[in-house]
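Values in this document were obtained by computation on a predicted structure and should not be read as measured data.
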Amino acid sequence: MTRLAGLDLRRGRYVAHSSSLTVDGMWIANGTFLLLDEPTDDRELGAAVSRMLDASRTGVPTPDLRNGPSPFAPVLDALGLRTYATYAKGTRHVDVERDADVVLVSPTRNGGAREGFVELTEHTVRLTTPGDEELGEAVRAALDRSS
């Protein structure tokens, strides 16, 4: 089963968050997240991302995105923000995907409101059964490549 998480760096804070696959085949934030202040060591960063991967699910109900709250609302509330657009401005993001023992860590380019976070697949790193420190190192390196 594929699991998906993200790690963002926004204004000196790391935001690790989990995504789940809806019954309609769309990946959405599932409301599970952790906030970490800089500085954070690699082991702690990797452990946070691992917890978010463990929280990822499949077959969750598809939310009403037009009339309901954003699936990312718990993160926005915790940070005191009103919109995802405000959150995303200036944020660096990394996608982390796990399928069995294989973990893919991909930096992204922040494409703004039009494009969102665009995965830079040419810089994706593949890890096999990484420990927390190894995962944290890979995520930190990917953040350095993200823009």
Fill in: Evaluation steps, side-chain contact (heavy atoms from CB on, under 4.5 Å), between Leu35 and Leu79
CA-CA 9 Å; Leu35 300 177; Leu79 295 172; 4.0 Å; yes
Worksheet item: Where do Asp144 and Arg92 land on the side-chain contact (heavy atoms from CB on, under 4.5 Å) test, with the steps shown first?
Response: CA-CA 9 Å; Asp144 288 344; Arg92 289 188 289 153; 4.2 Å; yes
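Minimum heavy-atom separation, Ser19 to Trp27: O-CZ3, 3.6 Å. Here the shortest heavy-atom pairing between Pro71 and Ala29 reads CB-O, 3.2 Å. Between Leu65 and Met26, the closest heavy-atom pair is CD1-CE, 3.7 Å. When every heavy atom of His17 is checked against every heavy atom of Asp8, the shortest pair comes out as NE2-OD2, 3.0 Å. Nearest heavy-atom pair, Pro107 versus Val105, reported as atom, atom and distance to 0.1 Å: CD-O, 4.0 Å. Taking both residues in full, the closest heavy atoms of Ala55 and Thr32 are given as CB-CG2, 3.7 Å, listed atom of the first, atom of the second, then distance.
Hydrophobic clustering (side-chain heavy atoms under 4.5 Å, transitive across Ile, Leu, Val, Met, Phe, Trp, Tyr) keeps Met52 apart from Val139. Side-chain heavy atoms closer than 4.5 Å link hydrophobic residues (I, L, V, M, F, W, Y) into clusters, and following such links, possibly through other members, connects Leu9 to Leu135. Under the 4.5 Å side-chain heavy-atom criterion for Ile, Leu, Val, Met, Phe, Trp and Tyr, Val75 and Leu36 are members of distinct hydrophobic clusters. Both Val103 and Val125 belong to a common hydrophobic cluster when Ile, Leu, Val, Met, Phe, Trp and Tyr are linked at side-chain heavy-atom distances under 4.5 angstrom. Linking Ile, Leu, Val, Met, Phe, Trp and Tyr residues whenever their side-chain heavy atoms come within less than 4.5 Å places Val15 and Leu76 in a single cluster.
Salt bridge annotation for Asp54-Arg98: present, with a cationic side-chain nitrogen under 4.0 angstrom from a carboxylate oxygen.
Surrounding CZ of Arg109 are more than 12 heavy atoms belonging to other residues, nucleotides or ligands, all under 6.0 Å away. Atom CZ of Arg10 sits in a crowded spot, with more than 12 heavy atoms from other residues, nucleotides or ligands closer than 6.0 Å.
One distance of note links CG of Leu104 with CG of Asp95; it measures 10.0 Å at 0.5 Å rounding. Here OG1 of Thr128 is found 7.5 Å from CG of Asp101. Values are rounded to the nearest 0.5 Å. Expressed to the nearest 0.5 Å, how far OG of Ser106 lies from CZ of Arg126 amounts to 12.0 Å. The CZ atom of Arg13 sits 12.0 Å away from atom OG1 of Thr91, with the distance rounded to the nearest 0.5 Å.
Judged by distance alone, the side chain of Ser146 and the main-chain N or O of Thr108 form a donor-acceptor pair under 3.5 Å. Remark: the backbone N or O of Glu44 is paired with a side-chain donor or acceptor of Asp41 at under 3.5 angstrom. Without hydrogens or angle criteria, Asp132 side chain to Ser50 main chain gives no donor-acceptor distance under 3.5 Å. In terms of modelled atom types and a separation under 3.5 Å, the side chain of Ser56 and the main chain of Leu4 share a donor-acceptor contact.
With no hydrogens or angles considered, a side-chain donor-acceptor pair links Ser18 and Asn30 at under 3.5 Å.
Looking at heavy atoms from C-beta onward, Leu120 lies out of side-chain contact with Arg145 at the 4.5 angstrom threshold. The shortest side-chain heavy-atom distance between Val96 and Leu7 does not fall under the 4.5 Å cut-off.
Classification of the Phe72-Tyr84 ring pair by plane angle, with boundaries at 30° and 60°, yields perpendicular.
Each of Tyr14, Tyr87, Phe117 was checked for a ring pair (Phe, Tyr, Trp, His ring centres under 6.0 Å) with His93, and the lone residue meeting it is Phe117.
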